[in-house]
2 protein chains.
Amino acid sequence: MVQIPNTPTSADVARLAGVSRATVSYVLNNTSAVRISEPTRRRVHEAARELGYVPHAAARSLRAGHSRMVLMPAPAIPVGPLYSGFLNELQWALGRLDYTVVQYGTVGLQGDEAARAWAELRPVAVLVPGAELGPRGVGVLKRSGARAVVTLGPERVEGAHALLMDHDAVGQCAGAHLYARGRRRIGVVVPEESGLEAYSRPRLAGVRQALHGTDATVTGLPLAYTEESAAQLAARWRESGLDAVFAYNDEYAMLLMRALQDAGVRVPEDVALIGADDLMLGRLLRPRLSTVHIELPSGRDLAELVDRAVRDPGGEPEVHKVLGASVVQRESS
Amino acid sequence: MVQIPNTPTSADVARLAGVSRATVSYVLNNTSAVRISEPTRRRVHEAARELGYVPHAAARSLRAGHSRMVLMPAPAIPVGPLYSGFLNELQWALGRLDYTVVQYGTVGLQGDEAARAWAELRPVAVLVPGAELGPRGVGVLKRSGARAVVTLGPERVEGAHALLMDHDAVGQCAGAHLYARGRRRIGVVVPEESGLEAYSRPRLAGVRQALHGTDATVTGLPLAYTEESAAQLAARWRESGLDAVFAYNDEYAMLLMRALQDAGVRVPEDVALIGADDLMLGRLLRPRLSTVHIELPSGRDLAELVDRAVRDPGGEPEVHKVLGASVVQRESS
DNA sequence: TTGAAAGCGCTACCAG
DNA sequence: CTGGTAGCGCTTTCAA
């Protein structure tokens, strides 16, 4: 008869060590309320090692009534070095506080659907970037035991803590800068790629805010991330009469700069150009690209906010504005 | 007395609907083995909706003895559009097959430690990019009930399925191309950033392989992703006597191209330059950057491999070479 | 110092 | 067609 290698449970460990399951639990969890003799401890550890015992997280949190899982939806779009670094720091900091960070691959699930799927995992906290969550979603999560729901996005959501990453500020920075440089007919690139609206809309709005009440005009410029699209935009440039452009971010800025230069439009003489995100590539362009440097909150601070919220779930939702934006002027503006 | 809003269980639904927990389970899972009257179904659904009931995934999979969770470690470094697209497609395809994809934030855990942490979640399958997993880790996962372990990396691991993404091929492509262009003293950029060795080492090795037995020389060029580092490298260029360089990828190529041009070294006349990954930015450089285009496997194929492996856990590990590499020649080489 | 046993939420077998 | 119930793996009182 073939023995199928079933995955060992704490009962197996107990049997092998010749003790009860309770004792195994005490030993492996270092329960301080109970004192177990040294020889017994050793036998238990030995048995666990020999069997390759790994505790069953689901069973544990079922029994405990709560988990230490912090859930985030996995980003669907490639994420830049800035945000990636932020995520790493956050994961590290939460790890230090003994939380487990899990990114949930939410594909094609919309709004409350997604919230329900997340809730099935009974996370102790949920961090949601962008605007993927409404008040009802927050309700679902909280009723399922999430002790903290934090949104990282443009606006706060009822019932949830919020790290307001207000991309208006990025546009305001750029707009004010271009105005200060004497430009009055200002274009703002709006990527046609989907998934970017959450950032592009407020960035455009920010430029409008900064220039409201002045003699400057603001024009949205739809642009796909392709050479053709950029070439078309550049071909119509002179008739547009624009003398400055905020290019959404450094990558779109590079695309547009190249197209403009190929079309004989000079940067910055004919048109001032500024990007955002302060990527390395901006420094490598000629002329060097001006950009809006963005400062994200520290992952450690967010981790502490989460921990605070988990410990005091009744507390008032905290709302922090956390997006710092400042112009780095180089040669293109 | 304040009523703490406890999260509703199927028992609560049963109570409200005036049926048993079993009936609730049957109705909500559409169990086909039993037939429930339409009025009862309606009452159950009604009650579930009213309470905002969300099933408890951990309890369910504890009972079932298995989950539908596919676990991947979350990438620690920012991931390019190519790999990001691959991940999305994979998640989508696995979602279609009714799996749930979860990326586990593995911070600071090494090798078998990490494998144990993953195993605690009892995933039905584990996908591991890179070389983060040894044979012992595979053993831990399998003994914990993982029915499929798939590595996506440079070499196969005993006991696991493997999607061989052999970055040697990238280097070979580049090396052969530069040789064919008449270059004989070939440099290969090796990024100093940690976490990239898994790719940079085989890419360098591939160049060596391609040029083995010829009259060409191959020199590794350590380079950090900073302007200073690139400037230093460029300053020593003429004395190095190199007439070609494979720059690891397009981003390092852009960095190096700029530094070389600033130092008065002409591309491609003095030095031929080729990158890899076929990013948009390569097309925007002047001269346009030659590159090695990399073809990843389709996410759908990998999803099917996973599904196959889950259904037939006893099957021989499949090993596929899945990395296609081809040169896209532009102007820099 | 150790063990017996209850029970977390859920599903599936078997009776009625 | 519906309900009672056992039990998944684990922790934690309570008793010995």
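Note that the coordinates shown come from a computational prediction; the quantities given were computed from them, not determined experimentally. By convention in this document, chain letters (A, B, ...) are assigned in the order of the sequence lines, proteins followed by strands, and residues within each chain are numbered from 1.
Closest approach to the A:Thr9 side chain among D:dG3, C:dG9, D:dG9 is made by D:dG9 (side chain taken as heavy atoms from C-beta onward). If you check D:dC10, C:dG3, D:dG9 against the side chain of B:Leu62, the one that comes closest is D:dG9. Comparing atom distances between the A:Ala59 side chain and each of D:dC10, C:dC10, C:dA4 picks out D:dC10 as nearest. The side chain of B:Ser10 has C:dC10 as its nearest neighbour among C:dT2, C:dC10, D:dG3.
Using a 4.0 Å heavy-atom distance criterion, A:Val34 is classed as a base contact. Among the protein residues, B:Ser61 comes within range of no part of the nucleic acid, since none of its heavy atoms lies under 4.0 Å from any strand. As judged by a 4.0 angstrom heavy-atom cut-off over every strand, A:Thr31 is placed among residues making no nucleic acid contact.
Atom NE2 in B:His56 sits roughly 16 Å away from atom P in D:dG9 (whole-Å rounding). As rounded to whole Å, 19 Å separates atom P of D:dG7 from atom NE2 of B:His66. In this entry the distance linking CZ of B:Arg63 with C1' of C:dT11 reads 5 Å, nearest Å. The separation between B:Asn30 atom CG and C:dA12 atom P is 13 Å, rounded to whole Å. Atom CZ in B:Arg21 sits about 14 Å away from atom C1' in D:dT2, given to the nearest Å. A:Leu28 places its CG atom 11 Å from the C1' atom of D:dC10, with the value rounded to the nearest Å. Taking atom CG of residue A:Leu121 and atom C1' of nucleotide C:dG9, one finds them 15 Å apart after rounding to whole Å. In this structure, the CZ atom of A:Arg43 is 14 Å from the C1' atom of C:dG3, given to the nearest Å.
In this structure, B:Ser61 and B:Arg68 have side chains that are not in contact, with every pair of non-hydrogen atoms separated by 4.5 Å or more. Side-chain contact between A:Leu305 and A:Leu163: present, with at least one pair of heavy atoms (C-beta onward) separated by less than 4.5 Å.
A donor N or O paired with an acceptor N or O is not found under 3.5 Å between the base of C:dC10 and the side-chain atoms of B:Tyr26.
Under the 3.5 Å distance criterion, with hydrogens and angles disregarded, no donor-acceptor pair is assigned to the side chains of B:Ser144 and B:Trp118.
Checked for salt-bridge contact, B:Glu113 and B:Arg116 miss the test: no charged N lies under 4.0 Å from a carboxylate O. In summary, B:Asp312 and B:Arg308 do not engage in a salt bridge, as defined by a charged side-chain N under 4.0 Å from a carboxylate O.
Taking 4.0 angstrom as the limit, A:Thr23 places a side-chain polar atom (N or O) nearer than this to OP1 or OP2 of C:dG3.
Residues B:Arg60 and A:Val19 each lie close to DNA chain C; by heavy-atom proximity, the contact nearer the 5' end of the strand is made by A:Val19. The residue among A:Ala64 and B:Ser20 whose nearest nucleotide of DNA chain D is located toward the 5' end is B:Ser20.
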